[in-house]
**Student:** 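Dropping a structure here in structure tokens format, bear with me for questions.
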Amino acid sequence: MQKLTLIILLSCLFVQAQEAPKKYSLSLEQAIEHALQYNYSSKNSGLDIEAAKKKKWETTATGLPQLNAGLDYQNNFELQKSLIPAEFFGGQPGEFAEVAFGTKHTMLARSTLSQLIFDGSYIVALQASKTYLSFYENSKKKTDLEVREMIINSYGSVLLAEENTLILEKNKATLEKTLFDTEQTFANGLIEEENVEQLKITLASIKSSLNYTRRLKEIAYKMLKINLGMELEDQLTLSDKLEDLTDANLATALTGTLFDIQNNIDYKLSSIFVEQRNLEMKLEKSKYLPSLSANVNFGYNAFGNQFQFFTPNQRWLNYSNLGISLNVPIFSSFGKTAKVQQAKIALEQAKNQQKETEQKLKLQYQNAKSDYEFSIEQYLSNKENLNLAERIERKQKIKFTEGLSSSFDFTDAQRQLYTAQQNYLQSMVDVINKKAALEKAIGQTK
């Protein structure tokens with residue numbers, strides 16, 4: 001009994017250990033690598049490639065030898081009858097006798113070996129299967145680019161929420177101390193109560209913003225975990241800092257990179273789409289060609305009025321034959337011609353769509369480049385504005401403490417500082433995100 005209890009206890013501990021939340025500490029690059037392996041969309045894209053490989057082999061196999069076997073059994077519980085002249089059996093001329101032909105039980109064991117010798121549509125299908133696989137391989141690359149950009153954005157959102165939380169907590173602590181000192185000054189009758197009330201209003205706003213930011217941080221972490229393919233219960237910490245990532249992404253040399261449309265994954269997919277339409281036209285044209293196939297049949301027949309096919313006395317009669325089938329299209333009332341023309345029109349439409357895609361991608365690159373350059377300008381400007389706002393707030397605080405300025409001037413300087421802080425943090429995230437968008441447009445993954 002004690003051994004059984006010990007086994008149950010160990011089993012429970014093992015299950016709990018298996019279900020315990022995992023702990024992760026990831027840099028941005030580590031997070032990207034993790035997502036490319038475990039993100040649900042990325043995993044499904046990988047499975048699409050595996051399915052496309054199986055589909056390619058399925059197409060290839062249709063032109064390889066096919067072997068089939070079967071067993072047919074028939075119970076003739078009422079044999080079909082025919083009429084023959086009765087005089088064959090000694091009857092009167094002009095009369096007919098009923099005669100049943102066959103046996104009550106019939107069984108056929110058969111096998112067929114078939115081989116496609118020539119079919120133009122099969123050749124086109126082999127080419128199409130390669131294009132089909134190429135489409136999903138490039139779709140996987142597109143998914144990985146999107147996952148990479150998504151992780152960068154999600155990672156930045158978490159860092160932004162964390163920095164916002166830290167700054168608001170610092171602002172809250174500073175403002176609480178200022179409010180306490182102001183209340184003491186008011187208690188001594190040196191300032192008006194309005195100064196205290198004004199600070200309380202500002203503090204209440206800070207507390208509300210802090211609570212909201214904390215909720216946003218929790219949501220941002222959960223969203224990042226989902227994008228990483230983690231469980232929501234897993235513990236995740238980020239090892240990179242927002243300021244370090246911003247400095248690392250201030251690579252203005254990237255804006256001088258020449259844009260090669262051939263490297264863009266969307267353009268590659270549009271090229272594959274054109275190739276697919278071209279193959280569809282070839283498929284319709286191939287239907288003008290004859291097709292040739294061959295088959296070899298082997299089999300055994302057995303008959304009997306008693307079901308004894310699997311006894312040693314049963315007699316089996318074998319047969320075999322070789323068949324060749326040639327199909328030559330001659331005239332389809334111009335139906336095939338109409339299908340070829342439709343395929344040509346679809347091909348022309350695909351080429352037009354590719355040209356449109358090319359122009360849009362060039363414009364997208366220009367926009368991404370412009371947005372990235374602007375984000376750097378905004379970051380540098382907001383950094384300078386933050387320094388100015390901090391100096392203004394410090395001066396106003398000294399004046400307010402010494403009774404040289406009103407609470408309105410001081411709170412206005414505080415609001416200006418808080419806005420500058422938020423703008424500065426957001427501009428850092430914008431630099432990171434806009435660079436990721438530019439890298440995606442260029443086709444750069446590192």
Side-chain angles (χ1 to χ4, degrees), residues 26 28-56 59 127-157 223-230 249 251 254-255 257-280 346-347 349-372 430 432-446:
L26 302 176
L28 177 57
E29 289 302 321
Q30 289 173 334
I32 292 173
E33 291 298 323
H34 188 281
L36 293 180
Q37 185 175 357
Y38 296 104
N39 176 269
Y40 301 112
S41 297
S42 186
K43 289 168 67 176
N44 282 339
S45 293
L47 293 175
D48 284 338
I49 293 177
E50 294 303 315
K53 290 179 180 178
K54 302 303 179 184
K55 185 68 177 180
K56 180 182 177 182
T59 303
Q127 296 173 338
S129 65
K130 295 179 182 179
T131 306
Y132 182 78
L133 176 59
S134 177
F135 172 80
Y136 281 103
E137 288 175 341
N138 281 277
S139 293
K140 176 65 165 62
K141 294 178 182 178
K142 178 179 174 64
T143 300
D144 288 348
L145 284 173
E146 292 174 345
V147 167
R148 180 179 183 275
E149 183 181 27
M150 178 177 60
I151 293 300
I152 292 174
N153 293 339
S154 298
Y155 199 99
S157 296
M223 183 58 66
L224 178 58
K225 289 178 184 178
I226 292 175
N227 293 337
L228 288 169
M230 297 179 179
N249 282 275
L254 184 64
T255 59
T257 304
L258 294 177
F259 178 62
D260 186 358
I261 192 69
Q262 301 293 334
N263 292 332
N264 188 280
I265 194 64
D266 288 314
Y267 184 80
K268 290 180 181 179
L269 289 173
S270 69
S271 299
I272 293 174
F273 184 68
V274 171
E275 179 62 20
Q276 288 175 338
R277 288 292 179 262
N278 186 45
L279 289 172
E280 288 174 4
L347 175 59
Q349 289 175 328
K351 290 180 178 179
N352 291 334
Q353 290 175 3
Q354 184 184 35
K355 187 64 177 178
E356 181 184 18
T357 299
E358 180 180 353
Q359 299 304 314
K360 287 183 176 179
L361 290 175
K362 289 180 178 179
L363 178 60
Q364 183 183 49
Y365 164 72
Q366 292 296 331
N367 288 336
K369 178 182 176 182
S370 177
D371 289 344
Y372 176 56
D430 287 342
I432 298 170
N433 293 345
K434 298 305 180 183
K435 185 187 177 187
L438 179 57
E439 289 173 339
K440 179 184 175 183
I442 295 175
Q444 185 172 321
T445 59
K446 290 293 183 180

**Student:** Roughly how far, to the nearest 0.5 Å, is the CD atom of Q359 from the CG atom of L363?
**Tutor:** 9.5 Å
**Student:** If we only count heavy atoms from C-beta on, is the N433 to I152 side-chain gap below 4.5 Å?
**Tutor:** yes
**Student:** Before giving the answer on salt bridge (charged side-chain N to carboxylate O under 4.0 Å, His left out), spell out for D144 and R148 the whole-Å C-alpha distance, their side-chain angles and the decisive distance to 0.1 Å.
**Tutor:** CA-CA 6 Å; D144 288 348; R148 180 179 183 275; over 6 Å; no
**Student:** Do side-chain atoms of S270 reach the backbone of Y267 as a donor and acceptor pair under 3.5 angstrom?
**Tutor:** yes
**Student:** Is there a salt bridge (charged side-chain N to carboxylate O under 4.0 Å, His left out) between K362 and E358 once you walk through the steps?
**Tutor:** CA-CA 6 Å; K362 289 180 178 179; E358 180 180 353; 3.4 Å; yes
**Student:** Quick one: side chain to side chain donor-acceptor pair (under 3.5 Å) partners of D430, sequence neighbours excluded?
**Tutor:** Q426
**Student:** Once rounded to the nearest 0.5 Å, what's the spacing between atom CD1 of I49 and atom NZ of K54?
**Tutor:** 13.5 Å
**Student:** Hey, are Q354 and S271 close enough side-chain-wise for a donor-acceptor pair under 3.5 Å?
**Tutor:** yes
**Student:** So does L36 get a backbone contact from the side chain of S42, meaning a donor-acceptor N/O pair under 3.5 Å?
**Tutor:** yes
**Student:** Could you please spell out the steps behind the salt bridge (charged side-chain N to carboxylate O under 4.0 Å, His left out) verdict for K141 and E137?
**Tutor:** CA-CA 7 Å; K141 294 178 182 178; E137 288 175 341; over 6 Å; no
**Student:** Under 3.5 Å, is there a donor-acceptor pair linking the side chains of T59 and S129?
**Tutor:** no
**Student:** Is it true that atom NZ of K434 has more than 12 heavy atoms of other residues, nucleotides or ligands lying nearer than 6.0 Å?
**Tutor:** no
**Student:** From L361 CG over to Q366 CD, what is the distance, rounded to the nearest 0.5 angstrom?
**Tutor:** 12.0 Å
**Student:** Just verifying a value: how many Å separate M150 CE and L224 CG, rounded to the nearest 0.5 Å?
**Tutor:** 9.5 Å
**Student:** Looking at G229, is its backbone amide N or carbonyl O close enough to the side chain of N39 to form a donor-acceptor pair, meaning the two atoms are under 3.5 Å apart?
**Tutor:** no
**Student:** Return the CG to NZ distance between L133 and K53, rounded to the nearest 0.5 Å.
**Tutor:** 7.0 Å
**Student:** Could you walk me through whether E275 and Q127 pass side chain to side chain contact (heavy atoms under 4.5 Å, CB included), step by step?
**Tutor:** CA-CA 10 Å; E275 179 62 20; Q127 296 173 338; over 6 Å; no
**Student:** Should the ring pair Y136 and Y132 be called parallel, tilted or perpendicular, given that the plane angle runs from 0 to 90° and is split at 30 and 60?
**Tutor:** perpendicular
**Student:** Using ring-ring contact (aromatic ring centres under 6.0 Å, His included) as the criterion, list what pairs up with F273, not counting sequence neighbours.
**Tutor:** none
**Student:** Kindly give the heavy-atom pair with the smallest separation between K268 and Q262, and that separation in Å.
**Tutor:** CE-O, 3.0 Å
**Student:** Rounded at 0.5 Å granularity, tell me how far CD1 in I442 sits from CG in L145.
**Tutor:** 12.0 Å
**Student:** Below 4.0 angstrom, N of the basic side chain to O of the carboxylate: do K435 and E439 qualify?
**Tutor:** yes
**Student:** So does S134 get a backbone contact from the side chain of N138, meaning a donor-acceptor N/O pair under 3.5 Å?
**Tutor:** yes
**Student:** Heavy atoms, side chains only, cut-off 4.5 Å: are Q30 and H34 in contact?
**Tutor:** no
**Student:** Can you list the residues that meet the ring-ring contact (aromatic ring centres under 6.0 Å, His included) rule with Y40, with sequence neighbours excluded?
**Tutor:** none
**Student:** Ignoring hydrogens and geometry, is there a side-chain-to-backbone donor-acceptor pair from S157 to N153 under 3.5 Å?
**Tutor:** yes
**Student:** Are F135 and Q276 close enough, and set up right, to give a side chain to side chain contact (heavy atoms under 4.5 Å, CB included), and what steps lead you there?
**Tutor:** CA-CA 10 Å; F135 172 80; Q276 288 175 338; 4.1 Å; yes
**Student:** Taking N264 for its side chain and A441 for its backbone only, find out whether a donor-acceptor pair lies under 3.5 Å.
**Tutor:** yes
